[in-house]
*Asks:* 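Here's a structure for you.
The analysis underlying the following values was restricted to heavy atoms, covering all of them including side chains, and did not include hydrogens, waters or symmetry mates.
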Amino acid sequence: MRSCYCLIFLYVHLLSSQNYFIFASARSTTEAQALLKWKSSLQNQTQLLNSWMYLPSTNNATTTSSTPKAIANPCIWTGISCNAAGSVNRINLTNSSIQGTLHEFSFLSFPNLMYLNLSSNKLFDVIPPGISSLSKLIYLDLSVNQFSGEIPPEIGLLRSLTFLYLDRNNISGTTPMEIGNLKSLVGLQLSTNHLSGSIPTTLGILTNLTTLYLHSNNLSGTIPMEIGNLKSLVGLDLSTNQLSGSIPTTLGDLTNLNILYLHSNNLSGTIPMEIGNLKSLLDLRLSTNQLSGPIPTTLENLTNLTILSLFSNNLSGTIPTGIGNNQKLIKLFLGSNQFSGYLPQNICQGGSLTHFTAGNNHLIGPIPKSLETCTSLFRVRLDGNQFTGNISKHFGVYPNLNFIDLSHNRFYGELSKNWGLCQNLAALRFAVNNLSGPLPPEIGNATRIQELDLSSNQLEGAIPKEFERLTSLLKLKLDGNQLSGRVPSEFRSLTDLEYLDLSANKFDDSIPSFVGDLLKLNYLNLSNNKFSQAIPFQLGKLFHLSQLDLSFNAVEGQIPSDIGNMQSLEILNISHNNISGFIPTSFENMRGLSNVDISNNDLEGSLPNNKAFQAATQEALQWNKGLCGSTRFLQPCNKQILKKDHKLVFMIIFPILGASALLACIFTLVAKRKKKHQHGEKTNMNDEISFSILKFDGKTMFEEIVRATEDFDPMYCIGQGEHGSVYKATLSSTYTVAVKKLHLLCDEDKNIQKAFLNEIRALIEMRHRNIVKLYGFCSHRLHSFLVYDYVEKGSLATMLSKDEEAKELGWSKRVNIVKGVAHALCYMHHDCLPPIVHRDISSKNILLDDECEACVSDFGTAKFLNPDSDNWSALAGTYGYVAPELAYTMEVNEKCDVYSFGVVTLETVMGRHPGDLPSSLSSGACSSSSTALPAHQLPVVDVLDQRISPPTREVAGEVVSVLKVAFACLNSSPQARPTMKQVSQHLSTKRLHLSDPTAMITCGELLASNGFTAS
């Protein structure tokens, strides 16, 4: 009986097993057919899918017509896994080079599919709504493909889904609110797509989420407060969108967060103090927003932080000292804000800091000791602040340092040889400081340097030959120093150099021909030096050069025709040299050339048929020997007699002319000696007309000016000064000029002659948009005068003195006037060789053109500064603008101009001369404890010119910045005043952000907060 029961059980078991296998086989067949159908729709048959195929049947029994002759078992195919029942439950084809769509993928055929990973392929088109048929799906990864269209709302039906990755596609549209139905979600990544609209508040329902990545989209609106409900979040990345509004305080409830990225949005308001509750936070990035206010001190509680990024905001106040206590901090980014005060002394206390940026703020003081000895540093940016200190004592050896930028600060002293021991250094930037002394040869040991920028300092001496070892150099900027001597021939080893700027130094000898071997150069500037001799033809080998500047040297000879080989050249400046001859015809083939300046040379002949020459301005062509061309600034070439057509005539006539000239000289000498004998030893320097103005004949121009002014009738007089009267003269060519007629008392007045010659010497070579142009001069026994460009609106003093005209000068125009004067003085003090001091800066010597651009005029008392010269013997300048130190010393230097500039700046802002304000400042009345000057306790708006409306919010910051500059320039100590280069750069780059333009800013606060405390 027991045996019979066993047989029956075995029979039933076998029967049921057979039915199961039949069912499983049918399911596998259906899934296999679905997969093979999808495979056939793909655009490429990758080798990874070669196993997807039917296999011949191994059944030898007789089969019916309905029995398949081949079998398909997807469970053994590449990328396919099955459950115990033989049904497909996993498809993993990541990074399989699949290209195609999902349109032929039968989602209904896979009721048991739990895992689908098709990431890192080339799938495109939309995600089909039918994907919602995968009811058991737990894991879906379609990332790193080319899917487009919108996320189907039907995806919200996948209630079992725990991971949804659609990132790095081309998906657009809004984020479906239906995703909020996926309450089992642990990971959601939709980043790096083109999603727009707001973040759905329904995401706040997904309380199991540990990662939410929506970065790199076009999402807008505010961050939903509901995000604070996601208490399990470990990583939250909403960066690189267009989110606005404030950071919700509810984010402080996400106490499990390790990563919080909100950077690169339009977020505003302050950083919530509640962020300090996130004590598990390792990485906090809020940079590139519009956040304002101070850094909350609660951030000091984030002791596990390794990265803190706050750069490019409007944050202000001081940097909390407690941030430096973080022992784990590796990267700290605070640059491009409005931070003030000092750096925390313990900024590198943990010894792990690798990246530190605090550039473009208002930080002051020395570098903290902990930073000086922070050997872990890899990248440092402290540029654009007001740090001070001796550069040779503040920095040690940094074995890991790759990049450091200390530009635009107040560091002084000599460069340390320790920089040569930083073996991994790739970029060293110390531009615009007060560094002095020689270049240390040891820098040549830092052989990995690719960029070296020491421009705009006071470095002197020769370039060390050891620089030849810097063979990795791509960019070298030594411009704006006092370097001298020859450019060392060892430079020929710098074959990777792409950018070379040695301008505004004292290099002499010839332009080195080996520069032509630096074939990768795309920028070359050797201007404002003392180079002489001819331009080396080897420069023509610089096929990649886009800019070439050789201006303001003593280069002579002809332009080599090889220069025409520079097919990449866009900008060429060879002005202010002694270059002669014709412009090579090879220049006509330079199709990339867009801008040229060949002025102030001895060039002649026709301009090349090249768009750059034909479109050149008058200033770029003038003061040459005999250029001609079809432009309106030059005479037509058919009216000139060219040398090459008349060589034979010249060979015949020149000897005759030479003999005649010799005889004329002899007769002239005899006549002058006879006249001198008749009148004793008295010498008259003005017996003959001496005139130099463009190409005009002296006698003709003299007569025309006398005629235009009716022999200097007072009715044409437009101004008077100490040394002369200014007349308006409209010449026959309808061109209006200003003529300054000197008050010559007698022929032997040496002081007047000296003032006259000083003015000529100062102005004849000056070319700046904010300096009145000098066209020429004339000396005659009847009249001696200078001829200037006529500036339409007259002086700043006149404009400010008349209410109606003063109203034309709005705040933007006044700020622009101050900037123009600053740029002009910066040019005089730092770009002219030798430097020039004006000595009489006042509002009457600031002229305004028809666009209210400032033009500095009246250089009647200007003098070239010579370090070896004696002090000037007479007090010069206009009362009320003269620097206080000139009351007890005759030492005149550029700091006198700086003081006068400060007075003019205050006058421009106040609308009137500030009276005793400058002297009160100089005597210390502006200290924070002083009450000697009640006006300093007034709000800024009460100091401004009341005849025009207060500045708008957009320009209020600039007005206050101008005021800060003015007070800094009025420092009683000349050494403590800024240089005009610092002033010019500050006004060009700095912007203040004021929440209230009428804020109370006292004089003491201005002086305490401005960065101009040292020269």
Side-chain angles (χ1 to χ4, degrees), residues 331 333 335 354-357 359-360 374-384 391 395-409 411 415-433 435 438-457 459 463-481 483 487-503 505 512 514-526 541-549 568:
K331 298 181 179 181
F333 304 109
T354 61
H355 292 67
F356 179 49
T357 67
N360 296 308
C374 189
T375 56
S376 58
L377 288 174
F378 177 81
R379 185 178 179 88
V380 179
R381 289 203 63 169
L382 301 177
D383 52 302
I391 199 75
F395 297 94
V397 178
Y398 305 93
N400 302 308
L401 191 63
N402 175 266
F403 180 103
I404 184 167
D405 191 347
L406 303 179
S407 303
H408 296 272
N409 278 291
F411 294 114
L415 279 171
S416 170
K417 62 183 180 181
N418 287 339
W419 295 112
L421 300 176
C422 301
Q423 294 299 313
N424 291 306
L425 196 59
L428 180 64
R429 298 178 180 174
F430 287 167
V432 195
N433 279 283
L435 308 187
L439 291 169
E442 290 80 3
I443 288 183
N445 296 327
T447 54
R448 295 186 180 181
I449 288 184
Q450 297 179 354
E451 180 181 355
L452 179 59
D453 187 355
L454 304 175
S455 59
S456 298
N457 282 286
L459 299 172
I463 299 177
K465 295 181 179 180
E466 288 78 2
F467 274 32
E468 68 177 331
R469 296 199 289 268
L470 302 178
T471 53
S472 298
L473 262 183
L474 303 177
K475 189 172 187 177
L476 177 60
K477 295 188 66 177
L478 300 177
D479 52 292
N481 283 288
L483 299 172
V487 179
S489 59
E490 287 78 7
F491 261 36
R492 67 176 71 246
S493 66
L494 308 182
T495 53
D496 286 335
L497 207 59
E498 299 175 358
Y499 189 108
L500 177 59
D501 193 343
L502 303 179
S503 62
N505 279 288
F514 63 77
V515 172
D517 296 327
L518 307 180
L519 300 180
K520 295 183 180 180
L521 275 180
N522 59 54
Y523 181 95
L524 177 60
N525 192 342
L526 304 178
K541 296 189 293 182
L542 301 177
F543 303 122
H544 299 290
L545 201 68
S546 62
Q547 295 188 47
L548 174 61
D549 193 343
S568 298

*Asks:* So, for G444 and R469, which heavy atoms are closest and what is the spacing to 0.1 Å?
*Replies:*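 In terms of heavy atoms, the two residues are closest at O-CB, 3.3 Å.
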*Asks:* Taking atom OH of Y398 and atom CG of L425, what is their separation to the nearest 0.5 Å?
*Replies:*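 These two atoms lie 11.5 Å from each other.
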*Asks:* Determine whether S472 and T447 make a side-chain contact, defined as any pair of heavy atoms from C-beta on separated by less than 4.5 Å.
*Replies:*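 No. Closest side-chain heavy atoms not under 4.5 Å.
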*Asks:* Considering residues at least two apart in sequence or located in another chain, which fulfil the side chain to side chain contact (heavy atoms under 4.5 Å, CB included) criterion with F543?
*Replies:*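 Listed in chain order: N565.
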*Asks:* Mind listing the closest non-hydrogen atom pair of L470 and L494 along with its distance?
*Replies:*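 Between these two residues, the closest heavy atoms are O-CD2, 3.1 Å.
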*Asks:* Is the closest side-chain heavy-atom distance between D479 and N525 below 4.5 Å?
*Replies:*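 No; the side chains remain at least 4.5 Å from each other.
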*Asks:* Between D453 and R429, does the salt bridge (charged side-chain N to carboxylate O under 4.0 Å, His left out) criterion hold? Intermediate values first, please.
*Replies:* CA-CA 5 Å; D453 187 355; R429 298 178 180 174; 5.6 Å; no
*Asks:* Can you tell if the side chain of I404 reaches within under 4.5 Å of the side chain of L428, non-hydrogen atoms only?
*Replies:*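 Counting from C-beta outward, I404 and L428 do come under 4.5 Å.
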*Asks:* Ion pair present between K477 and D501, side-chain N to carboxylate O less than 4.0 angstrom?
*Replies:*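 No.
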*Asks:* Indicate the atoms forming the closest heavy-atom contact of N433 with H408, along with that distance.
*Replies:*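 Closest heavy-atom pair between N433 and H408: ND2-N, 3.9 Å.
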*Asks:* May I have the step-by-step check of side-chain contact (heavy atoms from CB on, under 4.5 Å) for L452 and L473, ending in yes or no?
*Replies:* CA-CA 8 Å; L452 179 59; L473 262 183; 4.1 Å; yes
*Asks:* In Å, rounded to the nearest 0.5 Å, how long is the span from CG of L502 to OG of S455?
*Replies:*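 One finds 11.0 Å between CG of L502 and OG of S455.
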*Asks:* Give the minimum heavy-atom separation between R448 and N424, together with the two atoms involved.
*Replies:*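 That would be NH1-OD1, 2.6 Å.
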*Asks:* To the nearest 0.5 angstrom, please state how far the NZ atom of K417 sits from the CD1 atom of I443.
*Replies:*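 CD1 of I443 is found 12.5 Å from NZ of K417.
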*Asks:* In Å and rounded to the nearest 0.5 Å, what is the CG to CG distance from L483 to L439?
*Replies:*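 The distance works out to 5.5 Å.
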*Asks:* Which pair of heavy atoms, one from L521 and one from L542, lies closest together, and at what distance?
*Replies:*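 Answer, listing the atom of L521 first, then L542: CD1-CD1, 4.3 Å.
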*Asks:* Rounded to the nearest 0.5 Å, how far apart are NZ of K520 and CG of L545?
*Replies:*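 If we round to the nearest 0.5 Å, K520:NZ and L545:CG are 15.0 Å apart.
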*Asks:* In this structure, which one of L406, N360, T357, V432 forms a side chain to side chain contact (heavy atoms under 4.5 Å, CB included) with D383?
*Replies:*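 That would be N360; it is the only one of L406, N360, T357, V432 passing the side chain to side chain contact (heavy atoms under 4.5 Å, CB included) with D383.
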*Asks:* Between atom CD of Q547 and atom CG of L524, what is the distance when rounded to the nearest 0.5 Å?
*Replies:*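 Atom-to-atom, Q547:CD and L524:CG are 10.5 Å apart.
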*Asks:* Provide the closest heavy-atom pair for L519 versus K541 in the form atom of the first, atom of the second, distance.
*Replies:*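 Result for this residue pair: CD2-O, 3.6 Å.
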*Asks:* Find out whether F403 and R381 are in side-chain contact, i.e. whether some heavy atom of one side chain is under 4.5 Å from a heavy atom of the other.
*Replies:*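 F403 vs R381: side chains touch.
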*Asks:* Would a 4.5 Å heavy-atom cut-off, applied to side chains only, mark F395 and S416 as touching?
*Replies:*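 Heavy-atom side-chain distance check fails, nothing below 4.5 Å.
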*Asks:* Heavy atoms, side chains only, cut-off 4.5 Å: are Y523 and E498 in contact?
*Replies:*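 Y523 does not reach E498 side chain to side chain.
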*Asks:* Tell me whether the rings of W419 and F430 are parallel (<30°), tilted (30 to 60°) or perpendicular (>60°).
*Replies:*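 It falls in the perpendicular class, over 60°.
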